[in-house]
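Here is the structure we will look at, set down as structure tokens.
Predicted model, so just to flag it, every value in this text is computed and none were measured.
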Amino acid sequence: MAVQPIGEAVFEAAGQPYRIAASELKQHDLIQNSSGILKDDGENWSVSFTATHALGDFTWLVSFTLGGTGDSVDTYELVRQPAGVEMLSGMSFELAEDDE
């Protein structure tokens with residue numbers, strides 16, 4: 001499984017609208033936050049995605065679960081953005097099959 005950004009982030013700075021496409025995000029290393037103790041327990045993971053824009057850097061943090069009752073994205077949030085930026089619509093994330 002892989003985490004995949006979907007859509008685009010639309011934001012505004014000084015009255016000007018800007019966009020960051022999903023294809024512009026860079027994925028960083030996966031971090032395993034917990035592993036299931038029992039056979040049916042899921043594993044909790046997180047990964048960050050960043051985008052560099054002329055106004056500054058943006059970072060999203062995505063938490064997801066593999067195994068257990070199924071694979072799912074638990075939460076995603078924008079955790080860093082340049083000062084003076086107002087996010088109008090955010091990026092979303094989903095789990096997708098690896099291409100391998």
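When the options Val79, Ile31, Thr75 are evaluated for a side chain to side chain contact (heavy atoms under 4.5 Å, CB included) with Leu61, the one that passes is Val79.
Counting all heavy atoms, side chain and backbone alike, Gly15 lies closest to Pro17 at O-CD, 3.8 Å.
For the pair Pro82/Phe58, a side-chain contact is recorded, criterion being any heavy-atom separation below 4.5 Å from C-beta on.
The ring-ring contact (aromatic ring centres under 6.0 Å, His included) search around Phe49 returns Phe93, not counting sequence neighbours. Residues that satisfy the side chain to side chain contact (heavy atoms under 4.5 Å, CB included) test with Leu95, not counting sequence neighbours, are Met1, Val3, Phe64, Leu66, Asp71, Val73. With sequence neighbours left out, the side chain to side chain contact (heavy atoms under 4.5 Å, CB included) criterion links Ala96 to Gln4. Every residue two or more places apart in sequence or in another chain that forms a side chain to side chain contact (heavy atoms under 4.5 Å, CB included) with Ala21 is listed here: Ser23, Glu24. The side chain to side chain contact (heavy atoms under 4.5 Å, CB included) test applied to Glu86 returns Glu12, Leu88, not counting sequence neighbours. Qualifying side-chain hydrogen bond (donor to acceptor under 3.5 Å, both in side chains) partners for Thr50, counting only residues two or more places apart in sequence or in other chains: His28. With sequence neighbours excluded, the residues that form a side-chain hydrogen bond (donor to acceptor under 3.5 Å, both in side chains) with Ser46 are Asn33. Taking Ser92 as the reference, nothing meets the side-chain hydrogen bond (donor to acceptor under 3.5 Å, both in side chains) condition, with sequence neighbours excluded.
Among residue pairs with one or both ends in residues 52-65, those qualifying as salt bridge (Lys or Arg N to Asp or Glu O under 4.0 Å) are Asp57-Arg80; sequence neighbours excluded. Within the structure, every pair that satisfies the salt bridge (Lys or Arg N to Asp or Glu O under 4.0 Å) test and touches residues 2-11, not counting sequence neighbours, is listed here: Glu8-Arg19.
One distance of note links CG of Leu78 with CE of Met87; it measures 4.5 Å at 0.5 Å rounding.
Here Ile6 sits alone; no ILVMFWY side chain lies under 4.5 Å from its own, so it joins no hydrophobic cluster.
Ile20 and Tyr18 fall within a single hydrophobic cluster, where Ile, Leu, Val, Met, Phe, Trp and Tyr side chains are chained together by heavy-atom contacts under 4.5 Å. Both Trp60 and Leu30 are members of a single hydrophobic cluster when ILVMFWY side chains are connected at heavy-atom separations under 4.5 Å.
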*Given side chain to side chain donor-acceptor pair (under 3.5 Å), test Ser63 with Asp74 step by step and report yes or no.*
CA-CA 5 Å; Ser63 297; Asp74 301 321; over 6 Å; no
